[in-house]
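Below is one structure, written out as structure tokens; comments come after it.
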Amino acid sequence: MDALRQVLHSFFGPHDFRLALPDVWAGFQVNMKMMVVAEALVLVLALAIAVVRGLPGPAARPLRALAIAYTDIFRGTPIILVAFLVGFGLPALQINVVSDQSNFIYGVMALTLVYTAYVTEVYRAGIESVHPSQRAAARSLGLSYWQAMRFVVIPQAGRRVIPPLLNDFVGLQKDTALVTVIGVAEAAQQAQNFSTQYATFVSYVVAAVFFIFLTIPLARFTDHLIALRERRERAALA
């Protein structure tokens, strides 16, 4: 019983929970801001890179190679290492504009670099899932390659990749906690500060609760979209 009492006090003490709540909530708001900014950047940059990777013709080979290199490098590098490189490496360069940004900006940059590579592959899979006849039909109507992509291919691909995109953004939300390593005062950092000051782990539970309350509804919404798509596909085959 003493052990159980100690566990409850260390992880779930109501007094410490109330004490930790304001600071951890303030930090979690930073996590949410980072998520929103990074998601907006990732959606745009990943689509651009996915389109570049699919450019036809030998003239576009260098651009395709750069797009492939980018996705391979940043999909293969742990986000915590990217955070170190961005958060500590860029300030050390002592270059105007590049080296004098806030830790928040460096955190967003690290998240954007890594998740753009992942989402690029999601977009590419969606674009390739559109049957080539769609593109051929668009070109036969006089549309250019870019017009066919803009008006025919990308709208169809976009609808198909919404569920995997949401799954990636669930992961992005959780990974915002990793940028604490470069000094961003987000939820994990605030929880650590509280834990060090009061010698309790309740603050980590508070931070976990905030992340769970945000990610579980998003995950269930993703499952709902997947189920809807499967029902539509079964109805189309019936």
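All values reported here derive from a predicted model rather than from experimental measurement. Both backbone and side-chain heavy atoms feed into the values below; hydrogens, waters and symmetry mates do not.
Under the side chain to side chain donor-acceptor pair (under 3.5 Å) criterion, Gln29 pairs with no residue at all, not counting sequence neighbours. With sequence neighbours excluded, the residues forming a side-chain contact (heavy atoms from CB on, under 4.5 Å) with Leu90 are Val86, Leu93, Val98, Tyr106, Met109, listed by chain and number. With sequence neighbours excluded, the residues satisfying ring pair (Phe, Tyr, Trp, His ring centres under 6.0 Å) with Phe74 are Tyr70. With sequence neighbours excluded, no residue forms a side-chain contact (heavy atoms from CB on, under 4.5 Å) with Val36. Taking the ring pair (Phe, Tyr, Trp, His ring centres under 6.0 Å) definition, one finds that Phe221 meets it with nothing, sequence neighbours left out. Arg61 is linked by a salt bridge (charged side-chain N to carboxylate O under 4.0 Å, His left out) to nothing, counting only residues two or more places apart in sequence or in another chain. Applying the salt bridge (charged side-chain N to carboxylate O under 4.0 Å, His left out) rule to Arg75 yields the partners Glu121; only residues at least two apart in sequence or on another chain are considered. Partners of Tyr204 by ring pair (Phe, Tyr, Trp, His ring centres under 6.0 Å), not counting sequence neighbours: none found.
Side-chain contact check for Val51 versus Tyr123: every heavy-atom pair is 4.5 Å or farther apart. Side-chain contact check for Val206 versus Phe28: every heavy-atom pair is 4.5 Å or farther apart. Side-chain contact between Arg220 and Asp223 is present, with at least one heavy-atom pair separated by less than 4.5 Å. Side-chain atoms of Gln173 and Leu218, non-hydrogen and from C-beta on, never get closer than 4.5 Å to each other. The side-chain heavy atoms of Tyr118 and Leu172, taken from C-beta on, include no pair separated by under 4.5 Å. For the pair Leu143/Arg150, no side-chain contact is recorded, criterion being any heavy-atom separation below 4.5 Å from C-beta on.
Under the 4.5 Å side-chain heavy-atom criterion for grouping Ile, Leu, Val, Met, Phe, Trp and Tyr, Ile105 is not connected to Leu85 through any hydrophobic cluster. No single ILVMFWY cluster, assembled from side-chain heavy atoms under 4.5 Å apart, contains both Leu178 and Ile212. Cluster annotation: Met35 is not connected to Val44 through the hydrophobic network of ILVMFWY side chains, with a link wherever side-chain heavy atoms come within less than 4.5 Å.
Atom-to-atom distance recorded for Ile79:CD1 and Tyr115:OH is 5.5 Å, nearest 0.5 angstrom. Between atom CZ of residue Arg53 and atom CG of residue Leu66 there is a gap of 12.0 Å, rounded to the nearest 0.5 Å.
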Under the criterion side chain to side chain contact (heavy atoms under 4.5 Å, CB included), I'd like the reasoning laid out for Val114 against Thr77: C-alpha separation, chi angles, the key distance, then a yes or no. CA-CA 8 Å; Val114 172; Thr77 306; over 6 Å; no
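Ile68 belongs to no multi-residue hydrophobic cluster, having no ILVMFWY side-chain contact under 4.5 Å with any other such residue.
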Return a table of donor-acceptor pairs under 3.5 angstrom between the side chains of residues 12-24 and protein atoms on other chains or two or more places apart.
none

Which pairs of donor and acceptor atoms, one on a side chain in residues 153-170, lie under 3.5 Å apart (sequence neighbours left out)?
| unit_1 | atom_1 | unit_2 | atom_2 | d |
| --- | --- | --- | --- | --- |
| Gln156 | NE2 | Gln134 | OE1 | 3.1 |
| Gln156 | NE2 | Val152 | O | 3.0 |
| Arg160 | NH1 | Ser129 | O | 2.7 |
| Arg160 | NH1 | Ser129 | OG | 3.1 |

Indicate every side-chain donor-acceptor pair of residues 179-202 with a distance under 3.5 Å to a residue at least two apart or in another chain.
| unit_1 | atom_1 | unit_2 | atom_2 | d |
| --- | --- | --- | --- | --- |
| Thr180 | OG1 | Glu186 | OE2 | 3.3 |
| Thr180 | OG1 | Gln189 | OE1 | 2.9 |
| Glu186 | OE1 | Asn31 | ND2 | 3.2 |
| Glu186 | OE1 | Ala188 | N | 3.0 |
| Glu186 | OE2 | Ala188 | N | 3.2 |
| Glu186 | OE2 | Gln189 | N | 2.8 |
| Gln189 | NE2 | Asn193 | OD1 | 3.0 |
| Asn193 | ND2 | Gln189 | O | 3.3 |
| Ser195 | OG | Thr200 | O | 2.8 |
| Thr196 | OG1 | Gln192 | O | 2.9 |
| Thr200 | OG1 | Ser10 | O | 3.0 |
| Thr200 | OG1 | Val202 | N | 3.4 |

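Pairing each heavy atom of Met34 with each of Val108, the nearest pair is CE-N, 3.9 Å. Looking at every heavy atom in both residues, Pro62 comes nearest to Pro58 through CD-O, 4.1 Å. Minimum heavy-atom separation, Trp25 to Met32: CH2-CE, 3.9 Å.
The backbone N or O of Ile49 lies less than 3.5 Å from no partner atom in the side chain of Arg124, so there is not a single donor-acceptor pair. Between the Thr116 side chain and the Leu113 main chain, no donor and acceptor come within less than 3.5 Å of each other.
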